[in-house]
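Take a look at the structure set out below.
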Amino acid sequence: PPKFKAVLNAFLNPLQKASQFQSLDSRGFVQEQPGFQEKQLLQGPVKPLDWRFPIVPEVQSELVVDFQLRQPVTPSSVAVQCGENRVLVEVKKDLFSNGQLIQPSGLSMGGCPVVDEDSASRVLLFEYELQDCNGVLMMIEDELVYTFALTYTPEAFAGTPITRTNGAVVGVQCHYQRPTWVPYASTEVGEEVLLFSLKLMMDDWSYQRPSNLYFLGDVVNIEASVKVYNHVPLRVFVDCCVATQVPDVNALPRYSFIENHGCLVDAKATASSSRFMPRTQEDQIRFQLEAFMFQGGYSPSIYITCIVKATLASAPSDALRKSCSFCNGYVHIAFDTSSALLNLGICLLGIQWEGKASLGPVMVQEQPKTFAGFQ
């Protein structure tokens, strides 16, 4: 009917008959229409946003600086005078040439202390016989070389546990032209013309090894021998051997690998492959030592010092003159009992000569690491 239609139009068009800004929503609830002022607030101009994403400050690239770590320089503060039988060493108290004076009590030469001090020139003096201060005698080509280890151990400042001075080990050497014969006082028989030596050998023992560089796990072939000058034939034995990081047999750390008059105990202590080789000549004895490094050591250098004995080749070996190796927990001892005494007499059994032979430095490095086929 027309009346219904008019009411419906009025309901659908709020501009025709708005009743106090009220209307019904779809659920029949009364909704209050917004007022004129509120419409102005809603429809008015909106203030533009002035917020922006924060700008990350640009980091300036670091300047390239020509910097090199200062490397230690060998000081020219040690002087050596080699006499016929003695060595004189002068050491400036400003050992490192940096203005810091060292204390004499912290300086030694192979365990021997300072013997004198020149206060005016600030120089410390050592003067000893060539056979003193644990000097190591080596034969290099046509020279005899005596090597001493000059060691400085810094002391802490009084009342504190700190120091600002470096420690140092300086090798001191005296070179002498090798004579055609070397007098050596034996333990039993006056003077004899003998020279004991140690050499690094090739894998097949054919000749001396030209390099002293090894890697961990390598086998070091060492030959001990005695040179005989106008002497009856001799048989040589290695009585004992120690390894150190410096040419001082008493330095620490120290590893004794041949003991008890000829027993190579390295295999027993470390389960290594070290062993004596079968003898091929009476005046030579060969052994293999598996390469090693000192734990926490500051140097890859190893110095080997051995006491080597020689007896008459015609005399049998015994418990004091033997070659002893360990293999899988068993001891293999070689007594050369095949040789006869001939007519020399029982008194010759006790005759022996002995001397100190040295080798070094032997340089041992870690094996190069290999990953996934790349080295």
Side-chain angles (χ1 to χ4, degrees), residues 130-131 134-140 144-147 178-179 181-201 205 208-209 220-229 231-244 247-250 254-266 274-289 302-325 333-336 339 348-362:
L130 291 173
Q131 291 77 20
N134 295 296
V136 175
L137 174 60
M138 294 180 287
M139 182 175 60
I140 302 176
L144 294 177
V145 182
Y146 285 88
T147 303
R178 192 177 73 183
W181 58 272
V182 179
Y184 193 90
S186 73
T187 56
E188 301 286 343
V189 185
E191 289 189 350
E192 295 293 343
V193 184
L194 302 178
L195 182 63
F196 297 101
S197 65
L198 294 177
K199 288 188 279 188
L200 297 175
M201 302 297 292
W205 302 93
Q208 189 169 351
R209 194 175 192 266
V220 182
N221 290 336
I222 301 177
E223 180 183 276
S225 62
V226 56
K227 292 295 183 183
V228 179
Y229 300 90
H231 201 287
V232 296
L234 298 177
R235 181 184 298 116
V236 67
F237 299 93
V238 178
D239 191 73
C240 60
C241 286
V242 296
T244 53
D248 179 359
V249 71
N250 292 319
R254 181 174 65 248
Y255 178 50
S256 176
F257 59 89
I258 296 183
E259 300 177 343
N260 191 26
H261 306 295
C263 281
L264 210 166
V265 297
D266 179 68
S274 302
R275 64 188 180 116
F276 277 104
M277 306 299 291
R279 189 187 294 273
T280 58
Q281 291 183 217
E282 297 292 355
D283 59 352
Q284 295 176 353
I285 188 167
R286 296 166 172 175
F287 61 92
Q288 294 182 324
L289 178 66
I302 293 177
Y303 291 83
I304 295 175
T305 305
C306 300
I307 298 298
V308 184
K309 290 181 178 179
T311 63
L312 296 174
S314 55
S317 58
D318 54 25
L320 299 181
R321 291 163 285 268
K322 61 182 181 292
S323 303
C324 166
S325 301
I333 302 178
F335 293 118
D336 299 306
S339 48
L348 295 181
L349 289 176
I351 295 180
Q352 72 175 30
W353 297 261
E354 67 177 49
K356 183 165 59 175
S358 302
L359 181 66
V362 178

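Separating the SG atom in Cys241 from the CG atom in Leu359 is a distance of 9.5 Å, to the nearest 0.5 Å. Rounded to the nearest 0.5 angstrom, Thr305 OG1 and Asn134 CG are separated by 9.0 Å. The CD1 atom of Ile258 lies 7.5 Å from the CD1 atom of Ile222; values are rounded to the nearest 0.5 Å. Atom SG of Cys263 sits about 8.0 Å away from atom CZ of Phe276, to the nearest 0.5 Å.
At least 2.5 Å separates the SG atom of Cys240 from that of Cys306.
Across all non-hydrogen atoms, the minimal contact from Ala310 to Phe196 is CB-CE2, 3.8 Å. Contact detail for Trp205 and Met277: the closest heavy-atom pair is CZ2-CG, 3.7 Å. Listed here is the closest heavy atom pair of Leu200 and Gln208: O-CG, 3.2 Å. Across all non-hydrogen atoms, the minimal contact from Lys309 to Leu320 is NZ-O, 3.5 Å. Considering all non-hydrogen atoms of both residues, Arg235 and Leu312 come closest at NH1-O, 4.0 Å. Taking each heavy atom of Tyr146 and Gln131 in turn, the nearest pair found is OH-NE2, 4.0 Å.
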- Item | Asn221 and Arg286: CA distance, side-chain angles, deciding distance, side chain to side chain contact (heavy atoms under 4.5 Å, CB included) verdict | CA-CA 7 Å; Asn221 290 336; Arg286 296 166 172 175; over 6 Å; no
- Verify side chain to side chain contact (heavy atoms under 4.5 Å, CB included) between Ser323 and Ile285, making sure each step is shown before the conclusion. CA-CA 9 Å; Ser323 303; Ile285 188 167; 3.0 Å; yes
- Item | Steps toward side chain to side chain contact (heavy atoms under 4.5 Å, CB included) verdict (Ile304, Leu289) | CA-CA 11 Å; Ile304 295 175; Leu289 178 66; 4.3 Å; yes
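No donor-acceptor pair under 3.5 Å is formed between the side chain of Thr244 and the backbone N or O of Val249. One N or O on the side chain of Arg279 and one on the backbone of Gln284 form a donor-acceptor pair closer than 3.5 Å.
For the side-chain contact (heavy atoms from CB on, under 4.5 Å) test with Glu354, the passing option among Val308, Asp239, Thr311, Ile307 is Ile307; the others fail.
The side-chain heavy atoms of Leu264 and Gln288, taken from C-beta on, include no pair separated by under 4.5 Å. In this structure, the side chains of Asp283 and Val226 come closer than 4.5 Å at one or more pairs of heavy atoms. Proximity of Val238 to Phe287: side-chain heavy atoms (C-beta onward) are separated by under 4.5 Å at one or more points. With a 4.5 Å cut-off on side-chain heavy atoms, Tyr303 and Thr147 do not count as touching.
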